[in-house]
Amino acid sequence: RQNRFIILDSLNDQFTKTKEFLSAFNHFKLDPKKRYLFIIEKSFESFERVTNNIRYIDVNYVHSLSLPLLVQSDLVFITESALKSLESSL
């Protein structure tokens with residue numbers, strides 16, 4: 001499964017509504033029949049609230065990364081800061 005990881009520059013509390021989030025990620029053509037995982041370094045309350053409404057999207061933190069969830073995901077989004085944190089913990 002190639003091209004499963006997408007590195008995001010950053011992800012902040014810019015989303016207040018699910019519709020805004022889906023619009024921002026529209027160019028990835030998110031398919032409700034697939035699973036998506038967002039790996040972030042720290043908690044963003046509004047991001048979690050917005051993505052919580054979308055059943056095919058999961059959010060995980062670097063410090064509590066779920067390997068089964070990682071393997072089951074069709075596409076994984078990870079922020080640069082989360083990637084650096086993950087690299088330093090290996």
Side-chain angles (χ1 to χ4, degrees):
R1 297 178 5 162
Q2 296 178 4
N3 301 323
R4 287 188 52 219
F5 290 87
I6 295 177
I7 300 173
L8 303 171
D9 290 335
S10 65
L11 196 59
N12 53 32
D13 267 352
Q14 64 189 12
F15 305 110
T16 57
K17 298 184 184 240
T18 303
K19 193 175 194 177
E20 291 174 355
F21 170 81
L22 290 173
S23 177
F25 283 86
N26 190 36
H27 63 281
F28 290 111
K29 298 183 181 6
L30 301 180
D31 181 355
K33 295 176 185 159
K34 294 186 176 184
R35 302 291 309 168
Y36 302 96
L37 175 63
F38 282 80
I39 302 173
I40 57 178
E41 185 179 22
K42 61 182 180 178
S43 176
F44 295 113
E45 185 179 325
S46 69
F47 181 75
E48 292 174 58
R49 188 177 54 248
V50 166
T51 56
N52 194 36
N53 296 332
I54 308 169
R55 62 175 171 69
Y56 53 91
I57 291 179
D58 295 297
V59 177
N60 249 203
Y61 303 105
V62 171
H63 64 275
S64 62
L65 188 58
S66 166
L67 291 180
L69 197 56
L70 180 64
V71 171
Q72 293 169 358
S73 297
D74 294 296
L75 189 59
V76 177
F77 296 88
I78 185 167
T79 61
E80 281 187 28
S81 61
L83 184 59
K84 288 176 184 175
S85 180
L86 184 62
E87 287 174 339
S88 69
S89 67
L90 295 178

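- Evaluation of the side-chain contact (heavy atoms from CB on, under 4.5 Å) rule for Ile6 yields Leu8, Phe28, Leu75, Phe77 as partners, not counting sequence neighbours.
- Going from atom OG1 of Thr51 over to atom CD1 of Ile57 covers 6.5 Å, rounded to the nearest 0.5 Å.
- Minimum heavy-atom separation, Ser73 to Tyr36: OG-C, 4.3 Å.
- Remark: Asn60 pairs with Leu37, Leu65, Ser66, Leu69 by the side-chain contact (heavy atoms from CB on, under 4.5 Å) rule, at least two apart or across chains.
- Taking all atoms of both residues into account, the shortest heavy-atom contact from Val50 to Thr18 is O-OG1, 3.2 Å.
- Considering all non-hydrogen atoms of both residues, Glu41 and Ser85 come closest at OE2-CB, 3.7 Å.
- Between Gln72 and Arg35, the closest heavy-atom pair is O-CB, 4.0 Å.
- Expressed to the nearest 0.5 Å, how far OG of Ser81 lies from CD1 of Ile7 amounts to 11.5 Å.
- For the ring-ring contact (aromatic ring centres under 6.0 Å, His included) test with Phe38, the passing option among Phe5, Phe47, Tyr61 is Phe47; the others fail.
- Of the inter-residue distances, the one linking Asn53 atom CG with Lys19 atom NZ reads 14.0 Å to the nearest 0.5 angstrom.
- Proximity of Ile54 to Leu30: side-chain heavy atoms (C-beta onward) are nowhere separated by under 4.5 Å.
- Every pair passing side chain to side chain donor-acceptor pair (under 3.5 Å) that includes a residue from residues 20-33 is listed here, sequence neighbours excluded: Thr16-Glu20.
- Atom NZ in Lys84 sits 10.0 Å away from atom OG1 in Thr79 (nearest 0.5 Å).
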